[in-house]
Peer 1: 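There's a structure below that I have some questions on.
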Amino acid sequence: MARVGFWHPKEAEDVIIENAMDRLEQAGEIVAQKARTLVPVGTKSRPMYKTGRYAGCEWTKRDAGALKKTIRVVRKNGDPNLNIWIMAGNKVTYYAQIVEFYTPFLRRALGGSKAAIRSALGVGKTVKG
C-alpha cells in the first residue's frame, strides 16, 4: 500500500477553490460580453439639470451607451460565499433594473451563453489519466 507523505489538504483546497473562482470569473465575462451586445442603447444624450429642484445632480444627465459601459464582472476579495457577480448600473445609471425588467438583457445573455459557460467551466469533459 502506498503512503502519502507531506499531504496538506488545506493548501490543495485553496488551489482548487482559486482555480474554480477563476473559471467562474471567465464564465461571468462571457455573460457580460453577451449582455453588452443585448443591452438597449439610447440615441439621445442630455446634460444634467441646470435649474429646478434637482439642479446639479449628476444622476439627472443621460449619456447614450452609459448603461452598456457599466456592465461588469465583480469578484469580491475575501467573500466567504465565493460569489461572482455580473452587475449593471451605478449611481448615475440607476435605471438598470428598470431596463432589465422591460427588456431583459442580462437574463437573455445568461440563457444564450449556457454552452459557452459549460465550456469555460469544463463541464462535461472527461479526464483521461
Side-chain angles (χ1 to χ4, degrees):
M1 176 177 230
R3 180 174 177 264
V4 177
F6 304 108
W7 172 245
H8 303 287
K10 179 66 176 150
E11 291 175 15
E13 180 182 87
D14 292 342
V15 170
I16 291 169
I17 289 173
E18 185 64 29
N19 288 337
M21 293 302 290
D22 289 342
R23 286 187 178 198
L24 278 174
E25 195 168 3
Q26 290 172 359
E29 193 55 49
I30 291 169
V31 176
Q33 288 289 351
K34 181 82 170 172
R36 288 180 192 112
T37 63
L38 295 173
V39 67
V41 178
T43 57
K44 296 181 181 179
S45 296
R46 70 167 191 244
M48 73 175 82
Y49 293 166
K50 294 180 182 176
T51 61
R53 181 176 179 184
Y54 300 110
C57 293
E58 187 180 4
W59 58 267
T60 60
K61 73 177 181 180
R62 297 290 179 270
D63 292 324
L67 182 56
K68 183 177 185 176
K69 293 175 189 172
T70 66
I71 298 173
R72 62 205 178 275
V73 178
V74 178
R75 177 178 175 179
K76 300 232 176 179
N77 291 331
D79 182 11
N81 296 324
L82 300 174
N83 288 330
I84 301 292
W85 298 350
I86 303 163
M87 302 176 85
N90 56 24
K91 180 180 170 184
V92 176
T93 56
Y94 63 89
Y95 47 86
Q97 275 188 309
I98 300 166
V99 174
E100 174 65 20
F101 180 78
Y102 288 104
T103 57
F105 59 95
L106 285 171
R107 287 177 279 171
R108 289 189 309 159
L110 178 62
S113 302
K114 287 184 179 179
I117 292 170
R118 284 189 183 105
S119 176
L121 295 178
V123 176
K125 293 182 181 177
T126 58
V127 178
K128 295 180 181 179

Peer 1: Are side-chain heavy atoms of Lys114 and Arg118 found at a separation under 4.5 Å?
Peer 2: yes
Peer 1: Roughly how far apart are Gln26 CD and Ile84 CD1, rounded to 0.5 Å?
Peer 2: 10.5 Å
Peer 1: Nearest 0.5 Å please: distance from the CD atom of Glu58 over to the OG1 atom of Thr60.
Peer 2: 8.5 Å
Peer 1: With Tyr54, which residues qualify under ring-ring contact (aromatic ring centres under 6.0 Å, His included), at least two apart?
Peer 2: Trp59
Peer 1: Looking at Lys44, is its backbone amide N or carbonyl O close enough to the side chain of Arg62 to form a donor-acceptor pair, meaning the two atoms are under 3.5 Å apart?
Peer 2: no
Peer 1: How many angstroms lie between atom OG1 of Thr93 and atom NZ of Lys68, to the nearest 0.5 angstrom?
Peer 2: 14.0 Å
Peer 1: Which pair of non-hydrogen atoms, one from Lys76 and one from Trp85, has the smallest distance, and what is that distance?
Peer 2: CE-CZ3, 3.5 Å
Peer 1: Has the side chain of Thr103 got a donor or acceptor atom that lies under 3.5 Å from a matching backbone atom of Val99?
Peer 2: yes
Peer 1: Less than 4.5 Å apart, any side-chain heavy atom of Met21 and any of Leu24?
Peer 2: yes
Peer 1: If you define the side chain from C-beta out and look only at heavy atoms, does anything of Val92 sit under 4.5 Å from Thr70?
Peer 2: no
Peer 1: Can you check whether Val73's main-chain N or O pairs, donor with acceptor, with Glu25's side chain at less than 3.5 Å?
Peer 2: no
Peer 1: Could you pull out all residues at least two apart from Ala109 that satisfy side chain to side chain contact (heavy atoms under 4.5 Å, CB included)?
Peer 2: Val31, Lys34, Ala35, Leu38
Peer 1: Do Tyr94 and Val74 land in one hydrophobic cluster if side-chain heavy atoms of ILVMFWY residues count as linked below 4.5 Å?
Peer 2: no
Peer 1: If I compare all heavy atoms of Val41 with all of Ala64, which pair ends up nearest, and what's the gap?
Peer 2: CG1-C, 4.3 Å
Peer 1: Are Cys57 and Tyr49 side-chain neighbours, meaning at least one heavy-atom pair lies under 4.5 Å?
Peer 2: no
Peer 1: How many angstroms lie between CG in Leu121 and CD1 in Ile30, if you round to the nearest 0.5 Å?
Peer 2: 8.0 Å
Peer 1: Applying side-chain hydrogen bond (donor to acceptor under 3.5 Å, both in side chains), can you list everything that pairs with Asp22, at least two apart in sequence or on another chain?
Peer 2: Arg75
Peer 1: Which pair of heavy atoms, one from Ser45 and one from Asp63, lies closest together, and at what distance?
Peer 2: OG-CA, 3.5 Å
Peer 1: Taking a hydrophobic cluster as the set of Ile, Leu, Val, Met, Phe, Trp and Tyr residues connected by side-chain heavy atoms closer than 4.5 Å, whether directly or through intermediates, do Leu67 and Met48 fall within one such cluster?
Peer 2: no
Peer 1: Between atom CE of Met87 and atom CZ of Arg72, what is the distance when rounded to the nearest 0.5 Å?
Peer 2: 5.0 Å
Peer 1: Rounded to the nearest 0.5 Å, what separates atom CD in Glu13 from atom CD1 in Ile16?
Peer 2: 7.5 Å
Peer 1: If you count every heavy atom of other residues, nucleotides or ligands that lies below 6.0 Å from Arg53 atom CZ, does the total exceed 12?
Peer 2: no
Peer 1: If you take all heavy atoms of Phe105 and Ala96, which pair is closest and at what distance?
Peer 2: CE2-O, 4.3 Å
Peer 1: Find out whether Gln33 and Glu29 are in side-chain contact, i.e. whether some heavy atom of one side chain is under 4.5 Å from a heavy atom of the other.
Peer 2: yes
